[in-house]
Amino acid sequence: MAKNIIVPAVKGTREFYPEEMARRNYIYEKVREASQSFGYQEWDAPYLETLELYAAKSGEELVKEQAFTFKDRGGSQITLRPELTPSLARMIAKKQRQLVYPLRWWSFGPFWRYERPQKGRSREFFQWNIDMLGPNSPEADAELIAVAAKFMQSVGLSPELARIYINNRGLMDSEFDKLAIPTESRLMVSNLVDRRSKMKADAWEKYALEAGLSEPQLDGLVALLENKDIWKEWDDLVRLFTALDALGVSDYVEFDPNVVRGLLYYTGTVFEAFDVSGSVRRSILGGGRYNNLLADVGGDPLSAVGFAMGDVVAGIVLEENGLIPEFEPSPAPVLVTVFGEEFSAESYALSAELRAAGINVSTYPEVTKMKKQFKFANKMGMRIALIVGSDEVENAEVAVKNLMSGEQVKVARAQVPEEIQKMLASD
RNA sequence: GUGGCUGUAGCUCAGCUGGCAGAGCACCUGUCUGUGGAUCAGGAUGUCGCGGGUUCGAGCCCCGUCAGCCACCCCA
């Protein structure tokens with residue numbers, strides 16, 4: 001069949017055939033609903049940015065190893081955006097005095113990272129970003145977590161399926177102080193904590209000692225990571241959980257001292273949502289409070305909290321839990337068949353009439369056997385087929401066949417739009 | 001960047017110690033000359049990822065390469 005060699009798609013990209021496109025749009029739609037229900041405004045930034053923008057704050061790995069960069073014709077280093085936050089910071093900084101606070105913004109768009117594709121990771125992906133800027137309160141943090149919970153709930157991810165795990169960097173730092181872990185070791189300890197769930201206990205302990213922890217520090221760290229009640233000693237967390245309770249999302253949230261988040265810029269609350277039992281061990285979404293970012297990029301200090309969700313992991317989790325809505329191939333539920341050459345004008349006129357009545361309609365675009373036309377309607381998941389043949393034209397009627405039930409009735413031509421609307425509304 | 005697994009029909013895959021390239025599904029035609037989704041009958045379909053090597057002979061063995069998947073790293 002394929003005599004010619006098909007040029008392959010770029011590694012790590014995904015091709016969106018209609019079925020995949022429907023899934024992507026479904027996620028986008030639910031993201032929009034959740035964001036807007038809390039009053040967040042949709043915005044977007046350029047997809048192309050200068051490499052310089054990321055140098056200021058993003059991790060080295062992200063910029064040096066994972067950015068897609070190229071020189072444009074003028075010689076500037078251009079990057080396909082690997083994340084959104086630096087663009088957000090710039091756009092806020094540029095209009096910092098004109099914007100209205102608390103500022104609530106959300107965005108859903110493409111991002112690129114040059115990394116090895118694997119389960120839950122591609123080189124081109126979509127990401128939901130949502131942030132609140134201005135306030136610095138546990139209640140603001142709780143709102144973002146509630147937005148995440150609302151999204152999860154709206155796509156059918158119940159608390160039994162997915163959960164949001166919460167911690168606070170301030171609490172951890174204060175505990176690290178008590179264990180006399182020096183500031184320069186904090187990053188190492190964060191990585192250690194991150195890795196704990198992926199390693200066997202004894203291997204992890206050995207690794208921790210090799211990384212420079214003393215025996216008492218290790219014991220203290222383990223005790224800390226297993227203490228599910230320590231949040232009660234941290235005022236911000238007490239307020240956060242109180243607010244989450246009031247927001248009605250306490251079923252979705254859980255304190256977990258093991259959540260530290262790799263990124264350096266988080267300053268307070270951090271959280272991450274995971275599939276409770278699925279095969280993806282990656283986070284569905286993650287975020288937290290980052291109060292220093294605006295000042296770091298040259299703006300006036302401004303507090304912020306937000307999170308990001310990639311569409312790849314989210315899509316896998318929904319898929320594995322059977323939560324993707326059934327795909328309807330044709331956006332038009334009605335097919336107008338073409339009976340023969342001499343009747344095609346009738347069919348097109350009828351189609352136009354139905355469209356004018358607000359009904360989505362496809363007309364079969366060539367003259368062929370009825371069998372083929374019906375087969376097409378069936379495969380496209382259409383619900384109604386119309387026939388305008390010699391008998392029908394003679395009697396000013398249209399044969400209306402319900403493809404779900406198989407029933408077929410003759411309807412007076414003038415009544416057709418109304419009849420179809422009734423049929424479409426009935427199920 | 002490191003390591004492992006896999007590339008055979010449109011899809012999912014089988015293919016024995018190296019010996020004529022297969023199945024199921026999907027597709028097309030007919031049974032049914034105004035009607036789909038069921039049954040039955042028939043039919044078409046291949047750069048065995050690509051390049052080289054070994055061999056009388058390679059889908060199978062060896063080397064290389066590309067791609068996909070999985071894990072690590074990092075992270076959405």
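Values below: every heavy atom of this structure, side chains too, minus hydrogens, waters and symmetry copies. In what follows, chains carry the letters A, B, and so on, assigned in the order in which the sequence lines appear, proteins first and then strands, with residues in each chain numbered from 1.
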For this session: Tell whether A:K401 reaches the base of B:G36 with its side chain through a donor-acceptor pair below 3.5 angstrom.
Result: yes
Problem set entry | Pairs touching residues 308-328 of chain A that satisfy salt bridge (charged side-chain N to carboxylate O under 4.0 Å, His left out), sequence neighbours left out | A:R14-A:D311, A:R23-A:E319, A:K119-A:E320
For this session: Pick base, sugar-phosphate or nothing for A:F339, based on heavy-atom distances below 4.0 Å to the nucleic acid.
Result: base
For this session: Report yes if a donor N or O on one partner sits less than 3.5 Å from an acceptor N or O on the other, where the partners are the side chain of A:Q373 and the base of B:U35; otherwise report no.
Result: no
Exercise. A:Y114 ring centre to A:R123 NZ or CZ under 6.0 Å, with the angle to the axis within 45°?
Worked result: yes
Exercise. Want to know the stems of RNA chain B: at least 3 consecutive Watson-Crick or G-U pairs with distances under 3.5 Å, which are they?
Worked result: B:1-7 with B:66-72, B:10-13 with B:22-25, B:27-30 with B:40-43, B:49-53 with B:61-65
Exercise. Can a donor-acceptor pair under 3.5 Å be found between the side-chain atoms of A:N378 and the base atoms of B:G36?
Worked result: yes
For this session: Classify the nucleic acid contact of A:G406 as base, sugar-phosphate or nothing, counting any heavy atom under 4.0 Å across all strands shown.
Result: base
Exercise. Can you find a donor-acceptor pair, distance only, under 3.5 Å between A:E272 side chain and B:A76 base?
Worked result: no
Problem set entry | A:D131 and its side chain to side chain contact (heavy atoms under 4.5 Å, CB included) partner, picked from A:Y40, A:F307, A:Y290 | A:Y290
Exercise. Can you find a donor-acceptor N/O pair under 3.5 angstrom joining the side chain of A:E392 to the base of B:G34?
Worked result: yes
For this session: Look at all strands and tell whether A:G381 reaches a base, only sugar-phosphate, or nothing, counting heavy atoms closer than 4.0 Å.
Result: nothing
Problem set entry | Whole angstrom value for the distance that separates P of B:A71 from CD of A:Q118 | 6 Å
Exercise. If you look at every strand shown and take non-hydrogen atoms under 4.0 Å, does A:K369 touch a base, only sugar-phosphate, or nothing?
Worked result: sugar-phosphate
For this session: Rounded off to whole Å, could you give me the OH-to-C1' distance for the A:Y17 and B:G10 pair?
Result: 11 Å
For this session: Looking at every strand, decide which applies to A:D311 at a 4.0 Å heavy-atom threshold: base, sugar-phosphate, or nothing.
Result: nothing
For this session: Starting from P on B:A76, measure out to CD1 on A:I316 and report it in whole angstrom.
Result: 16 Å
Exercise. In whole Å, what is the span from the CD atom of A:E124 to the P atom of B:A76?
Worked result: 18 Å
For this session: Answer yes or no for A:R186 and A:F176: cation-pi contact, defined as NZ/CZ to six-membered ring centre under 6.0 Å and angle to ring axis within 45°.
Result: no
Problem set entry | Nucleotide B:U65, atom P - distance to NZ of A:K11 in whole Å | 14 Å
Exercise. So, A:R81 and A:Q127: side-chain donor and acceptor under 3.5 Å apart, yes or no?
Worked result: no
Exercise. Rounded to the nearest Å, what distance is computed from the CG atom of residue A:L285 to the C1' atom of nucleotide B:A76?
Worked result: 9 Å
For this session: Remember a base hit wins even if backbone is also touched, and classify A:A308 as base, sugar-phosphate or nothing at under 4.0 Å, heavy atoms.
Result: sugar-phosphate
Problem set entry | Considering all heavy atoms, the nearest A:M423-A:N402 contact | CE-CB, 3.7 Å
Exercise. Hey, is the side chain of A:K371 poking within less than 4.0 Å of OP1 or OP2 on B:C32, counting only N and O atoms?
Worked result: no
For this session: Kindly write out the residues that satisfy side-chain contact (heavy atoms from CB on, under 4.5 Å) with A:D251, not counting sequence neighbours, or none if the list is empty.
Result: A:P159
